[in-house]
There are 2 protein chains.
Amino acid sequence: MKLQQLRYILEIQRQGLNVSEAAETLFTSQPGISKQVKLLEDELGITIFERTGKRFTGVTEPGKAVLRIAEQILREAENLKRASADFAGGTSGRLVLAATHTQARYALPLVVRDFIAQHPNVKLEFHQGSPTQIAEWVVNGDADLGIATEALDQYSQLITLPVRQWSHCVIAPEGHAILKHQPLSLNELAKWPLITYDTAFAGRSRINRAFERIGATPNVALTALDADVIKTYVSLGLGLGIISALAYDAQRDSGLVAMEAAHLFESNTTRLALRRGTYLRRYDYDFIALFASHLSRRVVDMAMQGGGDEYQL
Amino acid sequence: MKLQQLRYILEIQRQGLNVSEAAETLFTSQPGISKQVKLLEDELGITIFERTGKRFTGVTEPGKAVLRIAEQILREAENLKRASADFAGGTSGRLVLAATHTQARYALPLVVRDFIAQHPNVKLEFHQGSPTQIAEWVVNGDADLGIATEALDQYSQLITLPVRQWSHCVIAPEGHAILKHQPLSLNELAKWPLITYDTAFAGRSRINRAFERIGATPNVALTALDADVIKTYVSLGLGLGIISALAYDAQRDSGLVAMEAAHLFESNTTRLALRRGTYLRRYDYDFIALFASHLSRRVVDMAMQGGGDEYQL
DNA sequence: CGTGATTACGTTTATCGTAATTATA
DNA sequence: TATAATTACGATAAACGTAATCACG
């Protein structure tokens, strides 16, 4: 049994049971793969792939078991290389972050600045996407760390850690009539056209639920993927904006006024996601600690081992 | 990176950093290992073993990380073979049980009989030992299933499942004076010489604790590893026996009388131990189900995944 | 027939064991 | 000086790629 052989059968599965495709993606010859698959099957005494004639048409029951374990093994092999590189490379390496706009624009800049100062030789990459995309990137190993407010806890292959809590605020153009109605109520808010996040983003689910609870139907005139767009349209007078309080800055956002809305919508928890079972390099821990000081190496390790209860903010 | 290389470095560690010894146990040449270690180190870009001149004198920090992961990988590789053999061999295979005398003699015979009938081609092996030995056999993979009443839950690498509860009974020769003092009390019992299990066996800890609690010092005249020996000496009139209620059979043990002692000593739970993370073959599940009907495949799988709360009897 | 897997075969590379060498305790 | 790891080298075997063959749609 060779690690290659495991790579081969996994790639065949990934390529929809097409050996030729697998050979291409692995930069090798198709007969080579074919032979190794057969050798492996002979050694194990089972058939992994169902064949009709010479075509691969399915995965046998034992094949499923073998593929599942093979995946584990290769994942661990990946970890081994990662761990070595961590020690060997000193401070160099690559860190791939996946985050939503809100995080990338408002929560991460200072953290990234400090991280780069601390690890000048680590190449920092940034993938921006929806919470679901982020989760899948991390699951597939395309990203090392995922940061988002929604969706992350839906994936059993992810370990998620609470980073910080935040609330929404409502923004309005200066001189807007609603500014006289503070503290705000949901009923008041429901009278105006609203501009807020797209579904599946930055706590949008909490916003919906709040209006549902009082039986009101908000008039959402426009949805956007990020607070900057929302602010733009609020400035144009198209409606009131509901955004993350993190995204409002009185200085920068002149012409706009923010109103406290923590009492209207449930608070949100930004979470950090890691793939279960991956080896964490020193700079992974460092980034996490910079981002959320309470997430020390010890706390992260505890969570990774699934040990004990979830860390509470 | 080859699986062999991982085997090599692990064996070197096991043999106390002696490459020559490792070569012997792996039935290969010392230079071969030496070279492969170097190749692996070069590939990973780290040194795994500290050397002073040409001697191996320690494991480096990266080496520790690598060895830990290597162990995981080889364990999974073992699982892969196991899984294959499970499907390939049909009903054949090998099942190694580790159990204490009490279990082997009184709890297991019928289970073993049924299992053999169900799986005539599975070679059943039996290792009898102390609870600690049993635990270590299972941890090392020398035994597939461990069964004992004590010690098993001290090992984090073991998954343990409750099988059944049982109580102690007191046995005496026919006509013994104590037979008039029923129901028994600990104070009465403390007046007589006692014969019971050796420390670390079959609930002996509960017996000690019971006497401690009332501040009495039992007169333990003789300790033995199993109930049969105890019964023999009780028959000879050397004292009263305290044994597992499972071990007394009115028919077979003529000349001896058993007295209820469930109210004197805490009840004991026989537990079944499995090594965390091992692949369970169909006949492993079958044996477990025969031994304890409530331990269905589902229940065992849940426990193996560390999911949810412990099963309660 | 075209796509896709297997068989055949030759080249290259890697692995393993023996023997010689070197370093340490 | 004995023990133990490395280096050198030759034999064996494994892996890989090319070309030819075979099977299914």
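Just so it is clear: chains get the letters A, B, ... in the order the sequence lines come, proteins before strands, and each one is counted from 1.
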Examine C/dC16: is either OP1 or OP2 under 4.0 Å from a nitrogen or oxygen in the side chain of B/Tyr8? Give yes or no.
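Yes, within the criterion.
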Does C/dG4 have its OP1 or OP2 closer than 4.0 Å to a side-chain nitrogen or oxygen of A/Arg51?
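No, outside the criterion.
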Quick one: [X] [atom1] to [N] [atom2], roughly how many Å, whole number?
X       : N      : atom1 : atom2 : value
A/Leu3  : D/dA14 : CG    : C1'   : 16 Å
B/Glu21 : D/dA4  : CD    : P     : 8 Å
B/Lys2  : C/dA14 : NZ    : C1'   : 7 Å
B/Leu17 : C/dT24 : CG    : P     : 17 Å
B/Gln5  : C/dA14 : CD    : P     : 12 Å
A/Met1  : D/dA14 : CE    : P     : 17 Å
A/Arg55 : C/dT3  : CZ    : P     : 10 Å
B/Phe56 : C/dA23 : CZ    : C1'   : 13 Å

Nearest of [options] to any side-chain atom of [X]?
X       : options               : answer
B/Lys54 : D/dA5, D/dA14, D/dC24 : D/dA5
B/Asn18 : C/dT3, D/dA5, D/dT3   : D/dA5
B/Gln4  : C/dA5, C/dC16, C/dA14 : C/dC16

Is the NZ or CZ atom of A/Arg298 positioned over A/Tyr285's six-membered ring, under 6.0 angstrom from the centre and within 45° of the axis?
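Here A/Arg298 fails the 6.0 Å and 45° test against A/Tyr285.
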Within residues 25-47 of chain B, find the residues that approach DNA chain D with a heavy atom at under 4.0 Å, and present them sorted by residue number.
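Within this stretch, B/Gln30, B/Pro31, B/Ser34, B/Lys38 sit under 4.0 Å of the strand.
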So, the side chain of B/Arg275 versus the backbone of B/Val139: is there a donor-acceptor pair under 3.5 Å, distance only?
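Answer holds: yes.
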Whether B/Glu76 side chain and A/Ile73 backbone form a donor-acceptor pair below 3.5 Å:
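Such a contact is absent between B/Glu76 side chain and A/Ile73 backbone.
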Before you tell me yes or no, could you show the steps for A/Glu61 and B/Arg282 under salt bridge (Lys or Arg N to Asp or Glu O under 4.0 Å), namely the whole-Å CA-CA distance, both residues' side-chain angles and the distance that decides it to 0.1 Å?
CA-CA 13 Å; A/Glu61 210 49 48; B/Arg282 282 171 296 188; over 6 Å; no
Using the ring of each side chain (for Trp, its six-membered ring), is A/Phe56 parallel, tilted or perpendicular to A/Phe49, with breaks at 30° and 60°?
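Judged by the thresholds at 30° and 60°, the geometry between A/Phe56 and A/Phe49 is tilted.
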Nearest 0.5 Å please: distance from the CD atom of A/Glu11 over to the CD1 atom of A/Ile33.
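Interatomic distance, A/Glu11 CD to A/Ile33 CD1, rounded to 0.5 Å: 8.0 Å.
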Would you check if there is a donor-acceptor pair between the side chains of B/Asp142 and B/His127 at a distance under 3.5 Å?
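Note: B/His127 and B/Asp142 side chains miss the donor-acceptor criterion.
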